[in-house]
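Only this structure's heavy atoms are used, side chains among them; waters, hydrogens and symmetry mates stay out. In this chain, numbering begins with 1 at the start of the sequence shown. First listed ligand is number 1; within each ligand, the first listed atom is number 1.
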Amino acid sequence: MSQIVTRFPPSPTGFLHLGGARTAVFNWLYARHTGGRFVLRFEDTDTERSSPRYVAAILDALTWLGIDWDEGPYYQSQRLEVYRQHLQRLLEAGRAYYCTCSPERLEAMRREAMARGDKPKYDGTCRHLGLGPGPGAAVRFKAPLSGATVLRDVVKGTIAFDNAEFDDFVICRSEGTPTYNFAVVVDDITMGVNTIIRGDDHVMNTPKQIQLYEALGAPLPVFAHVPMVLGRDRARLSKRHGAASVTEYRDQGFLPDAVVNYLVRLGWSCGDQEFFTRAELIERFSLEHLGRSAGVFDPEKLLALNAEHLRAKPPAELIALLRPFFRELGIELEAGPRTEKIVAGLAPRSKTLADLARQARFYFQEDFAYEEEAARAHLKEEALPVLTAVAARLATLEDFQESALEEAFRAVMAETGLKLGKIAQPVRVALSGRAASPGIFEIIAILGKEATLRRLERAIGFIRRGGKAPPVTGAGDRKMRKGLDAEGCGG
Ligand code: GLU
């Protein structure tokens, strides 16, 4: 095969959900892996259900996922002339015919078949009537009546469909719009698509499409029908199991790389490896390793994978992604070595970008509330001499590098006879409000001298007032930047 051409043809009748996103990712990856082309096309002929709002939402979701397309977006609604031409070809070749059977007649036919326990099928009334176009006339495909249509699928293997199972299906409705099976085949032929990866809910459409390829004299594409994604209850994935739209994961602070990685692993494998960078996926993705059994969506696994991607991403790259989450907390995140240090310290302790931003808040905010339990355990009477000793020592210190800080703390240990833990915990709560945080020297180095001393004083005051919070100004979020000294970590 020459250049691989794949496509993603969503119907803009809803948001891009996880299953659809996975299909897009597979097709995109295969095009990128092979140096091929990836085509985006909106199947919007269902004018009642399609909406520009969903087109915009799908484009937004693909862009966020980092899926770029080489061609399109095409819109089926703008290609009616192309379908008309192909329809004409089939009519002229005697492979299609006009049908004027009324909806009532077709409905009666359907009911009778159901009553007999048969599959509803068109009885071929108009097949030999040689009718011409006219109001109320649909166009039907003259399907083969006997023999078999064979689907050779990369994932499913070979499936032979008995042609007697199919009827002369409608390819163009009486009002002139093409049906899905016809439009999709004309599009894929005219766009040069030669590899189709899609959900196996389309397997039953495929023999009809294969018959159309044959009637139009076009070579068949490679088909790969992947099993659907299921929820943990083994039901087909729906809103119940996860977000309705992939962009909800963006809003919750997931990384696009993690979502792409997770979606791929829901239907493709490379040994036992779970974590893949985007570059690795592009390098390794192949049709051979598409899974034969359905992937089960596990939100916790996605979260764990997201944490891994957070850890792996260079802090400088995370900053841009973090900005909206900080903005929500009232913090304008500035790029620079200090921010990078904050991010580097917290990324290994965070599950999402939102989580990281929340945890980093104390660096920017002076008037945070102490976590109740942390304050009860560590900001009590006996911590007073410790905090006072640390404050006194740091007040005389000029070098706020981590190594110098470590030395200063050793001096306080010698002075008070206390172990590092006994000293570090109250200091940690005083500086961050929490009992768990990045390393204490790291925090002090980032905060710098002034902010550190201010926070120690604040905690001392808190203990002296018997554990009562100092008055909160309420303007804390705006004042946050004051929490950082310029000399913090040389930034
Ligand atoms: N518009 C169809 C869908 O969203 C495309 C199916 C196909 O890939 O052929 O399911």
Side-chain angles (χ1 to χ4, degrees), residues 4-31 36-55 57-59 61-62 65 67 69 71-80 82-83 86 141 149 151 153-156 159 169 171 173 177-213 216 218 220-229 236-239 244-246 263 267 287 290:
I4 296 290
V5 183
T6 64
R7 52 34 158 209
F8 180 54
S11 308
T13 53
F15 295 106
L16 184 65
H17 50 76
L18 290 172
R22 189 188 61 157
T23 303
V25 169
F26 282 158
N27 283 285
W28 174 78
L29 274 181
Y30 193 53
R37 257 186 318 131
F38 175 62
V39 177
L40 178 62
R41 170 173 89 222
F42 284 102
E43 306 207 327
D44 61 345
T45 51
D46 180 347
T47 46
E48 258 165 47
R49 291 174 59 231
S50 298
S51 147
R53 166 176 174 241
Y54 292 127
V55 168
I58 293 168
L59 290 174
L62 291 174
L65 285 170
I67 296 179
W69 47 95
E71 243 181 71
Y74 294 108
Y75 296 85
Q76 285 192 331
S77 59
Q78 294 168 9
R79 294 174 46 81
L80 297 179
V82 182
Y83 310 128
H86 284 78
F141 178 61
T149 299
L151 162 62
D153 192 281
V154 172
V155 180
K156 303 275 170 197
I159 309 174
F169 54 94
I171 53 178
R173 298 182 191 89
T177 53
T179 57
Y180 156 71
N181 280 312
F182 182 58
V184 86
V185 169
V186 171
D187 282 342
D188 287 336
I189 292 173
T190 51
M191 293 172 190
V193 171
N194 53 25
T195 309
I196 294 178
I197 310 167
R198 63 185 171 194
D200 64 6
D201 51 338
H202 283 292
V203 165
M204 287 312 289
N205 286 319
T206 312
K208 294 183 188 175
Q209 295 176 11
I210 291 175
Q211 292 174 0
L212 286 168
Y213 275 96
L216 288 164
L220 288 180
V222 168
F223 287 104
H225 285 94
V226 290
M228 306 305 283
V229 182
R236 196 171 149 177
L237 197 68
S238 71
K239 280 184 219 167
S245 161
V246 289
L263 288 175
L287 299 186
L290 285 171

Closest protein heavy atom (residue, atom, distance) for atom 8 (O) of ligand 1:
Arg7 NH1, 2.6 Å
Decide yes or no on salt bridge (Lys or Arg N to Asp or Glu O under 4.0 Å) for Arg41 and Asp188, but give the supporting numbers first.
CA-CA 10 Å; Arg41 170 173 89 222; Asp188 287 336; 2.8 Å; yes
Indicate yes or no: at least one non-hydrogen side-chain atom of Arg22 is less than 4.5 angstrom from one of Leu18.
no
Does the pair Asp187/Arg7 count as a salt bridge with the N-to-O cut at 4.0 Å?
no
Report the part of Arg41 in contact with ligand 1, treating N, CA, C, O as backbone and CB onward as side chain, heavy atoms under 4.0 Å; options are side chain, backbone, both, neither.
neither
Which atoms of ligand 1 have any heavy atom of Arg198 under 4.0 Å away?
7 (C), 8 (O), 9 (O)
What atoms of ligand 1 come closer than 4.0 angstrom to any heavy atom of Val184?
9 (O)
Decide whether the shortest distance between a heavy atom of Tyr180 and an atom of ligand 1 is less than 4.0 Å.
yes
Do Gln211 and Thr149 pair up side chain to side chain, a donor and an acceptor below 3.5 Å, judged on atom types alone?
yes
Checking Tyr180 against Gln209: is there a side-chain donor and acceptor pair closer than 3.5 Å?
yes
Near Glu43 (heavy-atom distance under 4.0 Å), the atoms of ligand 1 are 1 (N), 2 (C), 5 (C)
Under a 3.5 Å cutoff, is there a donor and acceptor pairing between the side chains of Thr206 and His225?
yes
Below 4.0 angstrom from a heavy atom of Pro9, which ligand 1 atoms are there? Numbered from 1 as shown, please.
1 (N), 2 (C), 4 (O), 5 (C), 7 (C), 8 (O)
Can you tell me the protein heavy atom closest to atom 10 (O) of ligand 1 and the distance?
His202 NE2, 2.9 Å
